[in-house]
Participant: 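Below you will find the structure I want to go over with you.
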Amino acid sequence: MPQPSVTRALIVGHGQPGDPGPQQRAIEDLARRVAAELPGMSVRGATLAMPGALDIADDATLIYPMFMATGWFTRSELPRRLALAGAGGARILPPFGSDAGLPDLCLELLRAAALAQGWRLADCHLMIAAHGSGRSRAPAQAAQDMARALAPHLAEVRCGFVEEAPFLAEAARGLPVQSLCLPLFASRAEHVTDDLPQALAQAGYAGITLPPVGLAPQVPRMIAAALARAIRAS
């Protein structure tokens, strides 16, 4: 990968408002792994939930939103919070969920999960678990776009959401054993640790559940590539 000139980047996630420490440490660890792919570049991590975390940004910082969709947080709240931190001129890149490499990464994860079970991916049913929203169509649209990209490779693809219909349990109901659940989340927070397992149990889901896509080992390199492209284009 081409080495960018020395500059600064900040990976920003939502975090966990009630307990900001663990998610802050997780995104700092992600930033360290991204930085290892970009010698000479400073890459740090912050969450909106951690007080003062955005203060390390300035107008020359590239901001990579670790969010699954271009919505209210990326268009309104993140710019507002950066302005309050004195970095109102910072360049905000498209979020993780809009990365051009994400569909191929998801397909790679699904193929590996199916192979581990001795299944043909073309025979598998897929449920994409995502956040959704009662206020914006953007989160659901991002999941539906991913479903369309993956559909040619599977027997069936469904989407289920935390905050809108079809809800997780409804979408999972009736899926056969030869099924995969792909959590389209950037981190392992409450929706992944609590809401999703409860909904799958309620639905009687007997298939395989993958880790959230944001934790895939290929993600740091994908983010590094996005940062390098942004620097070359500047």
Side-chain angles (χ1 to χ4, degrees), residues 13-16 22-23 26-27 30 65-74 95-99 101-114 116-117 119 121 123-219 222:
H14 187 280
Q16 191 71 35
Q23 290 300 319
I27 205 159
L30 172 61
M66 198 64 186
F67 291 83
M68 294 308 305
T70 301
W72 179 77
F73 274 105
T74 57
F96 172 71
S98 298
D99 195 296
L102 190 58
D104 285 343
L105 171 57
C106 289
L107 183 58
E108 181 181 346
L109 297 174
L110 293 170
R111 280 179 171 152
Q117 299 299 315
W119 298 341
L121 187 61
D123 297 329
C124 293
H125 296 245
L126 171 65
M127 173 182 151
I128 294 175
H131 191 280
S133 172
R135 298 178 297 177
S136 167
R137 295 305 308 146
Q141 187 64 56
Q144 289 158 358
D145 289 346
M146 181 63 73
R148 280 190 289 272
L150 297 174
H153 306 280
L154 293 120
E156 178 196 13
V157 180
R158 307 178 184 182
C159 292
F161 303 103
V162 175
E163 290 198 352
E164 66 178 275
F167 293 100
L168 296 172
E170 177 187 352
R173 194 165 288 116
L175 283 171
V177 172
Q178 197 164 326
S179 295
L180 303 167
C181 176
L182 176 66
L184 210 60
F185 291 92
S187 63
R188 192 187 298 277
E190 287 182 0
H191 292 316
V192 172
T193 60
D194 298 341
D195 296 333
L196 181 57
Q198 291 170 11
L200 294 178
Q202 179 184 343
Y205 176 76
I208 301 300
T209 302
L210 281 67
V213 65
L215 299 188
Q218 301 93 327
V219 164
M222 192 176 83

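Computation of the quantities below employed the complete heavy-atom set of this structure, encompassing side-chain atoms and omitting hydrogens, waters and symmetry-equivalent molecules. Residues: numbered from 1 along the sequence shown.
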Participant: Could you grab the distance from atom OG of Ser179 to atom CG of Leu200, nearest 0.5 Å is fine?
Facilitator: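 Going from the OG atom of Ser179 to the CG atom of Leu200 covers 10.5 Å.
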
Participant: Check side-chain contact (heavy atoms from CB on, under 4.5 Å) between Pro22 and all other residues, then give those that pass, not counting sequence neighbours.
Facilitator: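 Residues passing side-chain contact (heavy atoms from CB on, under 4.5 Å) with Pro22: Asp19, Arg25.
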
Participant: Do Leu210 and Pro183 have side chains that approach each other closer than 4.5 Å (heavy atoms only, starting at C-beta)?
Facilitator: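 Yes, their side chains come closer than 4.5 Å.
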
Participant: Tell me, do Cys106 and Val213 make a side-chain contact under 4.5 Å, heavy atoms counted?
Facilitator: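 Side chain of Cys106 against side chain of Val213, heavy atoms only: contact under 4.5 Å found.
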
Participant: With rounding to the nearest 0.5 Å, note down the distance linking CZ in Phe96 to OG1 in Thr74.
Facilitator: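 Answer rounded to 0.5 Å: 14.5 Å.
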
Participant: Could you tell me which residues satisfy salt bridge (Lys or Arg N to Asp or Glu O under 4.0 Å) with Glu156, sequence neighbours excluded, listed by chain and number?
Facilitator: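 For Glu156, the residues satisfying salt bridge (Lys or Arg N to Asp or Glu O under 4.0 Å) (neighbours in sequence not counted) are Arg158.
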
Participant: Mark yes or no for whether Thr193, through its side chain, and Ala189, through its backbone, hold a donor-acceptor pair below 3.5 Å.
Facilitator: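 Checked: pair present.
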
Participant: Could you tell me if the side chain of Leu110 sits less than 4.5 Å from the side chain of Leu121, heavy atoms only?
Facilitator: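 A side-chain contact exists here, since the closest heavy-atom pair is under 4.5 Å.
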
Participant: For the residue pair Leu180 and His125, establish whether any side-chain heavy-atom pair is separated by less than 4.5 Å.
Facilitator: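 The answer is no, as the side chains (C-beta and beyond) never meet within the 4.5 Å cut-off.
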
Participant: Quick check: closest heavy atoms across Gly101 and Met222, and the distance to 0.1 Å?
Facilitator: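 Closest approach of Gly101 to Met222: C-SD, 3.7 Å.
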
Participant: Once you round to the nearest 0.5 Å, how far does CD1 of Ile27 lie from OG of Ser187?
Facilitator: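 Here the rounded value is 8.0 Å.
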
Participant: State, with a plain yes or no, whether a side-chain heavy atom of Leu196 is found less than 4.5 Å away from one of Cys181.
Facilitator: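 A side-chain contact exists here, since the closest heavy-atom pair is under 4.5 Å.
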
Participant: Could you grab the distance from atom CG of Leu126 to atom CG of Leu107, nearest 0.5 Å is fine?
Facilitator: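 So the CG of Leu126 and the CG of Leu107 are separated by 10.0 Å.
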
Participant: When you measure from the side chain of Gln16 to the backbone of Gln23, do you find a donor-acceptor pair of N or O atoms at a distance under 3.5 Å?
Facilitator: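 No, because the side chain of Gln16 does not come within donor-acceptor range (under 3.5 Å) of the backbone of Gln23.
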
Participant: Kindly state each residue pair satisfying ring-ring contact (aromatic ring centres under 6.0 Å, His included) with at least one member in residues 175-218, sequence neighbours excluded.
Facilitator: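 ring-ring contact (aromatic ring centres under 6.0 Å, His included) check on residues 175-218 returns His131-His191.
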
Participant: Is there a side-chain contact between Leu168 and Gln202 (heavy atoms, below 4.5 Å)?
Facilitator: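 No, their side chains stay 4.5 Å or more apart.
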
Participant: For residues 202-213, which residue pairs pass the salt bridge (Lys or Arg N to Asp or Glu O under 4.0 Å) check, not counting sequence neighbours?
Facilitator: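 Every candidate salt bridge (Lys or Arg N to Asp or Glu O under 4.0 Å) pair involving residues 202-213 fails, so no pair, neighbours aside, qualifies.
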
Participant: Do Pro139 and Met68 touch side chain to side chain, with heavy atoms closer than 4.5 Å?
Facilitator: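 Side-chain contact under 4.5 Å: no.
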
Participant: How would you list all residue pairs meeting salt bridge (Lys or Arg N to Asp or Glu O under 4.0 Å) that involve residues 173-201, not counting sequence neighbours?
Facilitator: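 Sorted result for residues 173-201: empty, none.
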
Participant: Please tabulate, for the side chains in residues 141-153, all donor-acceptor contacts under 3.5 angstrom to protein atoms that are two or more places apart in sequence or on a different chain.
Facilitator:
residue	atom	partner	partner atom	Å
Gln141	NE2	Asp145	OD1	2.9
Asp145	OD1	Arg148	NH2	2.3

